[in-house]
Student: 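Below is a structure I'd like to ask you about.
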Number of protein chains: 2
Amino acid sequence: MTDRSARRADQRTEAIKRAALDLAREAGYAKLSVEAVAARANVGKHTVYRRWPSRGLLFLDAVLSLSAEELSHPRTGDVVADLRAVMTKAVDLLGRPPWGPLYQALIGEAQHDPEVAAGLNRRFIEPQTADTRARLQDARERGEIASDADLDLAFDLLSGPLYYRLLITQKPITHEYIDRVLQAVLAGMGPGPQTR
Amino acid sequence: MTDRSARRADQRTEAIKRAALDLAREAGYAKLSVEAVAARANVGKHTVYRRWPSRGLLFLDAVLSLSAEELSHPRTGDVVADLRAVMTKAVDLLGRPPWGPLYQALIGEAQHDPEVAAGLNRRFIEPQTADTRARLQDARERGEIASDADLDLAFDLLSGPLYYRLLITQKPITHEYIDRVLQAVLAGMGPGPQTR
DNA sequence: ACCTTAACGGCACGATACGTGCCGTATTGA
DNA sequence: TCAATACGGCACGTATCGTGCCGTTAAGGT
């Protein structure tokens, strides 16, 4: 039974990721060490290094495993409502405790480790971007936003301020703030003739 | 002469900051250690720790000392031109080598060390924000942008996408991209009646 | 010109974490 | 039943941390 052995390996993998998340939540990512994770998971250090080449990539796996699926959302046909829903969901999950500090630390680690940065982009940022971009494209085809709107730019304008608050000023990101961003960005991309 | 002793202390302080920047440029911030900095600066470790409590705050000082003054800019009276000038200057300095990777690493460190985050905000982000915000306010009073425009939001909309590119997608930030951001944001805040 | 004081460079220390090697055990799959 | 694989535990050498001590140098008051 290959299933049986794979299940055992998966159990260990999950235990390690769980231990890493628990420790990061308790003491902060800065205090996270492979030794501590292995001890917490009742596992030898080899068992960790056999699965991940670095602390950063382990942490990437740990954070993504628990936030990947929880960001799905329906398409109602109303762009503004859909965008508000996805932005609110993302901010509530990744911008507040308990996940906020972990996501913040993950992006911080990505600034020091190119492999973490690449993995974060490929496995999380790009899929999420593609999803939201598809919504924007639908909206453009339906005439809810201007036919000449730059969708990639629109996405950056919507996401950028949220990340700026999370990573730089660290002010709280309220639903009201999301609404203001949405309104301002779409005001410049509404249907009809552009001002310039 | 207190001047003389102060000058000697300053020389050492500068030598340490210089050594830190050199090492960070050569090997990356991840490899930067207090030991290496002290050795490079021909200084004992105490002399470093007497001045800074942590590697992060030393690095903060080192990066800010060389980028603080170089971001001044004139006010011509044309908001768009002024904003384009300051954004271009900031991006050219902090978004490209040699300073780009260092600024990126500094923000990364701020995600792990609250003291670095606080110092970065107080000493760099907030002054820069205040300056740009004042320009926006001038523009609003002159009628170049809508009288009911939210200036803080406008600043976030202008800055956010640039930081998003620097820290997350790591795509190049061209002058043409800055122009597109400016145009899109101001399109939604132009003078005249608002759409909503 | 002298002398107290403070800052300094050099060295060593215990502590922590790194990544790897070895050993004996347990589980797997043929 | 047996060879192979993954495992937990332990130990090792290295790197860096932050601090303590020691002898030296330079500063500033008298």
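Order of the sequence lines fixes the chain letters, A, B, ..., with proteins taken first and strands second; residue numbering starts at 1 for each chain. All values reported here derive from a predicted model rather than from experimental measurement.
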Student: Provide, to the nearest angstrom, the distance between the OH atom belonging to A:Y29 and the P atom belonging to C:dA17.
Tutor: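 For the pair A:Y29 OH and C:dA17 P, the rounded distance is 14 Å.
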
Student: Roughly how far, to the nearest 0.5 Å, is CG of B:L93 from CD of B:E70?
Tutor: 5.5 Å

Student: Does any part of the side chain of B:F155, heavy atoms only, come nearer than 4.5 Å to the side chain of B:L158, both counted from C-beta?
Tutor: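 No, too far: nothing below the 4.5 Å cut-off.
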
Student: Could you go through nucleotides 1-4 of chain C and list every protein N or O atom that sits under 3.5 Å from one of its N or O atoms, giving the distance for each pair?
Tutor:
none

Student: Counting side-chain heavy atoms from C-beta on, which of D:dA27, C:dG29, D:dG8 comes nearest to A:S5?
Tutor: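 Selected nucleotide: C:dG29.
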
Student: Is any side-chain N or O of A:R8 closer than 4.0 Å to OP1 or OP2 of D:dC7?
Tutor: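 It does not, given that no N or O in the side chain of A:R8 lies less than 4.0 Å from OP1 or OP2 of D:dC7.
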
Student: Between B:Y177 and B:P172, is any pair of side-chain heavy atoms under 4.5 Å apart?
Tutor: no

Student: Starting from P on D:dG9, measure out to CZ on A:R50 and report it in whole angstrom.
Tutor: 14 Å

Student: If every non-hydrogen atom of B:L136 is compared with every non-hydrogen atom of B:I145, which pair is closest and at what distance?
Tutor: O-CD1, 3.8 Å

Student: Are B:T47 and B:R12 close enough that a side-chain donor and a side-chain acceptor fall under 3.5 Å?
Tutor: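 Short answer, no.
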
Student: Measure across A:P161 and A:V181 and return the closest heavy-atom pair with its distance rounded to 0.1 Å.
Tutor: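 Closest pair (atom of A:P161, atom of A:V181, distance): CB-CG2, 4.3 Å.
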
Student: Summarise how protein sits on nucleotides 12-23 of chain D as a single string, 5' to 3': B when a protein heavy atom is under 4.0 Å from the base, S for sugar-phosphate-only contact, - for no contact.
Tutor: ----SBBBBB--

Student: Please report, rounded to the nearest Å, how far the P atom of C:dT16 is from the CG atom of A:L23.
Tutor: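 The answer, rounded to whole Å, is 16 Å.
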
Student: Give a yes/no answer on whether the side chain of B:R51 brings an N or O atom under 4.0 Å of OP1 or OP2 in C:dC8.
Tutor: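 Yes, such a contact exists.
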
Student: Taking CD from A:Q11 and P from C:dT28, how many angstroms apart are they, rounded to a whole number?
Tutor: 10 Å

Student: In Å and rounded to the nearest 0.5 Å, what is the CG to CG distance from B:L167 to A:L120?
Tutor: 11.0 Å

Student: Tell me the interatomic distance from B:I16, atom CD1, to C:dA7, atom P, rounded to whole angstroms.
Tutor: 14 Å

Student: What are the two closest heavy atoms between A:P74 and A:R135, and how far apart are they?
Tutor: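 Looking at all heavy atoms of both residues, the shortest contact is O-NH1, 2.9 Å.
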
Student: Could you check whether B:R7 gets within reach of a base, just the sugar-phosphate, or nothing at all, counting any heavy atom under 4.0 Å?
Tutor: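 It contacts nothing in the nucleic acid.
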
Student: Kindly indicate whether the side chain of A:I173, heavy atoms from C-beta on, has any atom under 4.5 Å from the side chain of A:R96.
Tutor: no

